[in-house]
Enquirer: 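My questions all concern the structure below.
All chains are named by letter (A, B, ...) in the order of the sequence lines, taking the proteins before the strands, and each is independently numbered beginning at 1.
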Number of protein chains: 2
Amino acid sequence: MAQPGTVDRILDTAEVLFAQKGFAETSLRAITSKAGVNLAAVNYHFGSKEALIQAVFERFLTPFSAALAAKLDELEASGTPDTPETILGIVSRLALGTHPQDPQRAAIFFRLAGQAYSQPQGHLRQYLNQHYGAVFKRLQEHLQRAVPDVSPMELFWRVQFSLGSVIFTLSGLESLQAISKSDFKLELSAADITQRLLPFLVGGIQAPVPAQ
Amino acid sequence: MAQPGTVDRILDTAEVLFAQKGFAETSLRAITSKAGVNLAAVNYHFGSKEALIQAVFERFLTPFSAALAAKLDELEASGTPDTPETILGIVSRLALGTHPQDPQRAAIFFRLAGQAYSQPQGHLRQYLNQHYGAVFKRLQEHLQRAVPDVSPMELFWRVQFSLGSVIFTLSGLESLQAISKSDFKLELSAADITQRLLPFLVGGIQAPVPAQ
DNA sequence: ATACGTTTCAAACATACGTTTGGAGACAAG
DNA sequence: CTTGTCTCCAAACGTATGTTTGAAACGTAT
């Protein structure tokens with residue numbers, strides 16, 4: 001049988017390196033040498049570099065979206081009325097807590113997501129939408145019930161704005177933490193920042209729509 | 001003397017291609033062949049590919065930050081009280097209007113900025129901060145006066161959140177416009193989206209800070 | 001007209017990359 | 001023991017990249 005963990009070692013290493021340096025800037029040689037496996041292992045187990053990238057996302061997103069779907073089931077069963085706070089709170093607690101054994105994991109993932117979304121060709125963007133779009137739509141419907149005064153199209157854009165805030169902030173977390181620390185002599189964790197993000201997003205999502 | 005416009009033709013082409021496909025994914029051969037200049041021209045005129053990237057940013061940011069500084073002078077001289085709407089309005093009108101002859105130019109720049117910020121090593125991020133940090137600080141001070149109830153640190157983070165919304169949205173503009181068009185049968189321009197961004201950001205920036 | 005600095009150009013250089021290959025080794029089934 | 005399958009590995013392949021080179025072309029000033 002296979003040497004135990006070759007596939008996982010590749011995924012673990014690739015995840016970190018992709019987040020650190022980007023997809024194009026991370027070579028298979030860098031991944032395999034750091035993971036302690038042979039260069040050919042990536043093409044043998046995954047087929048290509050691009051398939052490896054997709055596998056990295058899949059490994060993170062599948063449990064996340066499953067957990068999110070479960071939480072939404074729970075919310076609907078309980079009959080709690082939708083508010084922006086509860087819905088966004090669910091997402092943020094989930095994003096930070098899907099891998100509680102490794103608090104850095106969430107930050108890595110958001111950096112990956114930032115990389116994926118800034119890929120202009122939109123290849124990954126399309127893949128993510130295709131595979132996880134359903135849960136995303138469901139989330140948006142709950143939000144719509146929470147802010148009925150905001151039109152669906154307006155809300156669509158506000159969700160995109162929110163996504164931007166989250167991904168951008170968490171994908172540049174280290175630089176921003178450094179600035180914040182030197183300017184305000186206060187070190188903030190990813191959880192701290194998420195806590196600050198929440199009221200910002202709530203304020204933005206339920207802001208009054210100008211008459212136009 | 002030089003064939004007129006070699007440098008500018010390179011900059012024009014590089015700007016578009018970098019925004020379309022990213023820095024690493026855009027080769028000097030792609031730039032020079034599309035620009036109709038010799039491959040060696042980049043290294044002759046700029047020194048290296050990285051220097052070309054910096055030059056592209058410089059050409060856009062220098063007039064923008066100068067215009068922003070002038071607008072802030074104007075604002076201070078007029079004695080108008082600071083509000084989030086006026087300050088963010090200045091920035092957004094400037095971003096869309098710095099190159100009025102080419103409305104697509106602003107979108108290109110934000111895609112570039114998105115690329116730069118998602119570069120994890122932060123090389124460009126540092127360069128941008130170093131060269132244009134002063135205007136940025138000044139902008140933040142005005143915002144602080146507009147929302148005195150938000151602590152400086154809280155505001156710092158909210159500005160970062162806002163930056164994320166702007167850059168993320170405008171850098172992925174085409175994909176988002178396509179989704180919006182197919183879902184809502186309505187085509188939106190960059191200016192339309194900026195108009196929707198503004199109340200979202202204002203709502204976020206002046207949202208109540210939780211007791212904590 | 002000549003000389004000179006600048007710019008352009010085709011070609012080559014060195015290197016790094018993703019991928020492929022052919023064989024060696026391990027293990028289970030017949 | 002033999003066969004077959006799966007995994008690992010060193011090496012090589014083909015290609016694309018950023019950069020450098022040396023000569024040709026150009027415009028200007030002497």
Enquirer: Rounded to whole angstrom units, what separation is found between the CD1 atom of Ile10(A) and the C1' atom of dT7(D)?
Expert: 12 Å
Enquirer: Decide if the gap between the ring center of Phe168(A) and the ring center of Phe168(B) is smaller than 6.0 angstrom.
Expert: no
Enquirer: Can you check whether His45(A) has a side-chain N or O nearer than 4.0 Å to OP1 or OP2 of dC6(D)?
Expert: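 For dC6(D), OP1/OP2 do not have a side-chain N/O of His45(A) under 4.0 Å.
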Enquirer: Just verifying a value: how many Å separate Leu72(A) CG and Glu141(A) CD, rounded to the nearest 0.5 Å?
Expert: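 CD of Glu141(A) is found 10.0 Å from CG of Leu72(A).
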Enquirer: Please give, in whole Å, the distance from dT17(D) P to Ile31(B) CD1?
Expert: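 Nearest whole value for this atom pair: 11 Å.
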Enquirer: Rounded to whole Å, how long is the line connecting atom CG of Leu52(A) with atom C1' of dT19(C)?
Expert: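 Rounded to whole Å, this separation is 14 Å.
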Enquirer: So, is Ser48(A) near the phosphate of dG18(C), with a side-chain N or O under 4.0 Å from OP1 or OP2?
Expert: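 Indeed not, no polar side-chain atom of Ser48(A) lies that close.
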Enquirer: How close or far is atom C1' of dT15(C) from atom CG of Leu28(B), stated in whole angstroms?
Expert: 15 Å
Enquirer: Under 4.0 angstrom, heavy atoms only, what part of the nucleic acid is Thr32(B) near: base, sugar-phosphate, or nothing?
Expert: nothing
Enquirer: Roughly how far apart are Gln206(A) CD and Phe200(B) CZ, rounded to 0.5 Å?
Expert: 11.0 Å
Enquirer: Calculate the interatomic distance between Lys21(B) atom NZ and dT17(D) atom P; express it in whole Å.
Expert: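 One finds 9 Å between P of dT17(D) and NZ of Lys21(B), rounded.
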Enquirer: Is any side-chain N or O of Thr6(A) closer than 4.0 Å to OP1 or OP2 of dT7(D)?
Expert: no
Enquirer: For Asp73(B), is there an ion pair with Arg138(B) - N to carboxylate O distance below 4.0 angstrom?
Expert: yes
Enquirer: Nearest of dA12(D), dT21(D), dA10(D) to any side-chain atom of Leu39(A)?
Expert: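 Nearest to the side chain of Leu39(A) among the choices is dA12(D).
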Enquirer: Nearest-Å distance, CD1 (Ile53(A)) to P (dG18(C))?
Expert: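 In whole Å, dG18(C) P and Ile53(A) CD1 are 10 Å from each other.
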Enquirer: Which sits closer to the 5' end of DNA chain D, Arg29(A) or Tyr44(A), going by the nucleotide each is nearest to?
Expert: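 Looking at DNA chain D, the more 5' nearest nucleotide goes with Tyr44(A).
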Enquirer: Output, in order, the C-alpha distance, side-chain angles, deciding distance and verdict of side chain to side chain donor-acceptor pair (under 3.5 Å) for Thr62(B) and Tyr132(B).
Expert: CA-CA 8 Å; Thr62(B) 302; Tyr132(B) 307 97; 3.1 Å; yes
Enquirer: Expressed in angstrom and rounded to an integer, what is the separation of Arg9(A) atom CZ from dC8(D) atom C1'?
Expert: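 In whole Å, dC8(D) C1' lies 12 Å from Arg9(A) CZ.
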Enquirer: Return no unless some side-chain N or O of Asn43(B) is found under 4.0 Å from OP1 or OP2 of dT19(D).
Expert: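 Yes, within the criterion.
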Enquirer: Bend angle of the helix from dA1(C)-dT30(D) to dG30(C)-dC1(D) from five-pair axes at both ends, rounded to 10°?
Expert: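 End axes: 20° apart.
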Enquirer: On DNA chain C, compare the nucleotides closest to Asn38(A) and Ser27(A); which residue's is nearer the 5' end?
Expert: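 First, find each residue's nearest nucleotide; the 5'-ward one identifies Ser27(A).
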Enquirer: Mind checking what makes salt bridge (Lys or Arg N to Asp or Glu O under 4.0 Å) contact with Glu50(A), not counting sequence neighbours?
Expert: none
Enquirer: Drop me the distance from Arg29(A)'s CZ to Leu39(A)'s CG, to the nearest 0.5 angstrom.
Expert: 5.0 Å
